[in-house]
Amino acid sequence: MKERFERARKFIPGGVNSPVRAFGSVGGTPVFVESATGCRITDADGKEYIDYVGSWGPMIAGHAHPRVVAALQQQVGKGTSFGTPCELETELAQRVCERVPGVDRVRFVSSGTEATMSAVRLARGFTGRDEVVKIAGCYHGHVDSLLVNAGSGVMTLGIPGSPGIPEALAGLTRVIPFNDVDALRQVLEAHGKNIACLILEPIGGNMGVVPPQPGYLEACRELTREHGVTLIFDEVMTGFRVSPGGARTLYGVEPDLVCFGKVVGGGMPVGAYGGGAEIMGHIAPDGPVYQAGTLSGNPLAMRAGIETLDLLAEPGVYDKLEQVGAKMQQGFEDAAREAGVAACVNRVGSMLTGFFGEGPVRDYDAAAVCDTKRYAAYFHAMLERGIYLAPSQFEAAFLSTAHGDAELDATAAAAKEAMQAIAR
Ligand SMILES: Cc1ncc(COP(=O)(O)O)c(C=O)c1O
């Protein structure tokens, strides 16, 4: 793999097209994948791994699902991009609107980043306000306004999280901790008149998995409504994964706008944002808030999304996802306990994180004190044993309907050995 990585680094910054793939926080050389099927990936040297990254979430039905592959093969011969409406867009939009209560209209884009960026612009256009409140540790793609210092655990003015983001823009973003109703109340009471939106992952997924505490999402809904602030749920990770209607149906809290990505494209580049008819009526061409995309609603991407959502509509799918998630959690917890390694798991259905720390992990600060060195050692011990986990402590493991008992038993056995090895 080293030679491949060296070659990639000659032509691609850091050798990767998205930074976390470079193994920076665990060390070593990234796995170059040649092919993937079901819950398994095969690297360029022919070594097979059980995959718990699933392309960071989209592959909920497993890699190269025969139905998705057949749909794509059928579509590719009909043309790959039209730049004019095709009915596949309506087909996927109808499925989204029917599954997610409160979404009357949905606009497709090509990535999760585009979805959150567009939703924030819409919220600003709709409210006529400029400021944004985000949550420390929530990631919404590399949108300028949302890429402020997420490490801050306190209410603060945004600080640029990356060179290239003007301070004037970052200064419009206020960061508060997750699961902290008081912090939200304070920021809204002090600045509510200037705040366009609160954007959050309803289940934190990018500081590792961190579920909302009971009542937290309800408080977000109530307080934002009180202050005329648009509530945006970023369900790029959780949408169609944690329940048919995502976190909003799981917890019964309805935001004004919701963002999707990953699963909705079934492994093709798709994002989406949607909401009620009134707010979505402000998007061009119905309204004045401009947003567009040459490849938006791409027919291949729509086909993969339609097929994936149809697979998820089959009976028993979410029960199965819950079962495989629970089994993986059990395997990790047993292995840690037997080896005497301090660890805890946060899980919602088929997404989970095993944290190397006592926990509980309820926000970014609690996640940040976990033992990342130990995670790196565990990651490599698992990789050696043919288990491909996310190359960072602060990510989720994603399971799919393709994970079965055989794979989960093999993973639990590997976890036992790996925990013993890192406990020494
Ligand atoms: C919650 C959330 N929002 C937005 C994004 C950005 O999506 P994309 O990488 O497709 O731009 C991600 C990506 O991981 C995400 O997890």
Side-chain angles (χ1 to χ4, degrees), residues 16-22 25 52-60 100 107-123 132 134-148 150 161-162 173 175 178 197-212 217 220 231-242 246-248 250-251 255 257-274 291 293 295-298 301 304-305 308 346 348-353 364 367 389-398:
V16 292
N17 283 307
S18 199
V20 71
R21 296 179 196 171
S25 66
Y52 290 96
V53 176
S55 188
W56 302 95
M59 311 317 304
I60 196 164
V100 188
R107 169 62 61 81
F108 291 113
V109 291
S110 299
S111 67
T113 296
E114 264 189 272
T116 58
M117 177 188 77
S118 308
V120 168
R121 182 181 305 144
L122 173 55
V132 170
K134 80 172 284 287
I135 304 291
C138 283
Y139 174 70
H140 306 290
H142 60 98
V143 179
D144 281 354
S145 288
L146 304 177
L147 203 62
V148 296
S162 161
T173 302
V175 184
F178 193 51
C197 61
L198 164 66
I199 183 166
L200 76 160
E201 297 175 71
I203 299 162
N206 285 288
M207 45 187 151
V209 173
V210 182
L217 296 178
C220 289
L231 178 61
I232 306 174
F233 278 2
D234 176 354
E235 297 225 41
V236 167
M237 200 181 263
T238 53
F240 311 103
R241 173 170 285 279
V242 295
R248 70 187 289 156
L250 192 65
Y251 298 106
L257 289 172
V258 59
C259 302
F260 299 108
K262 301 187 191 275
V263 169
V264 78
M268 297 292 283
V270 183
Y273 62 102
Q291 184 272 308
L295 291 170
S296 295
N298 172 270
T308 300
N346 280 349
V348 181
S350 59
M351 51 189 270
L352 66 100
T353 299
Y364 177 83
L389 301 172
S392 163
Q393 168 74 97
F394 306 121
E395 298 288 351
F398 294 105

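When a ligand or atom number is given, it counts from 1 through the structure's own listing order. The figures here come from the full heavy-atom set of this structure, side chains too, leaving out hydrogens, waters and symmetry mates.
Atoms of ligand 1 lying under 4.0 Å from any heavy atom of Asp234, numbered from 1 in the order shown and given with element: 1 (C), 2 (C), 3 (N), 4 (C). Listed by number with element, the atoms of ligand 1 under 4.0 Å from a non-hydrogen atom of Thr113 are 6 (C), 7 (O), 8 (P), 11 (O). When each atom of ligand 1 is checked for a heavy atom of Ser111 under 4.0 Å away, the hits are 10 (O), 11 (O). Applying the 4.0 Å criterion to heavy atoms of Lys262 picks out, from ligand 1, the atoms 13 (C), 14 (O), 16 (O). Each of the atoms 16 (O) of ligand 1 lies under 4.0 Å from some heavy atom of Met237. Within ligand 1, the atoms closer than 4.0 Å to a non-hydrogen atom of Gly112 are 6 (C), 7 (O), 8 (P), 10 (O), 11 (O), numbered from 1 in the order shown.
Distances shorter than 4.0 angstrom do not occur between any heavy atom of Trp56 and any atom of ligand 1.
Nearest to atom 16 (O) of ligand 1 among the protein's heavy atoms is Asn206 ND2, 3.0 Å. Remark: minimum distance from atom 5 (C) of ligand 1 to any protein heavy atom is reached at Gly141 N, 3.7 Å.
With 3.5 Å as the limit, one finds a donor-acceptor pair spanning the side chains of Thr238 and Glu235. Using a 3.5 Å distance cut-off with no hydrogens or angles, the side chains of Gln291 and Tyr273 do pair a donor with an acceptor. For the 3.5 Å distance criterion, the side chains of Arg107 and Ser118 fail to qualify, holding no donor opposite an acceptor.
Between Ile135 and Leu198 the shortest side-chain heavy-atom distance falls below 4.5 Å. At least one side-chain heavy atom of Pro255 sits under 4.5 Å from a side-chain heavy atom of Arg248. Counting heavy atoms from C-beta outward, Lys262 and Phe240 have side chains that stay 4.5 Å or more apart. Between Ile232 and Val120, some side-chain heavy-atom pair lies under the 4.5 Å cut-off.
An N or O contact shorter than 3.5 Å is missing between Thr116 and ligand 1 by distance.
Of the possible donor and acceptor atoms, one in the side chain of Glu201 sits under 3.5 Å from a partner among the backbone N and O of Tyr139.
Residue contacts with ligand 1 for Glu201 involve side-chain atoms from C-beta outward but no N, CA, C or O (heavy atoms, distance under 4.0 Å). Contact annotation: for Glu235 versus ligand 1, there are no heavy atoms closer than 4.0 Å.
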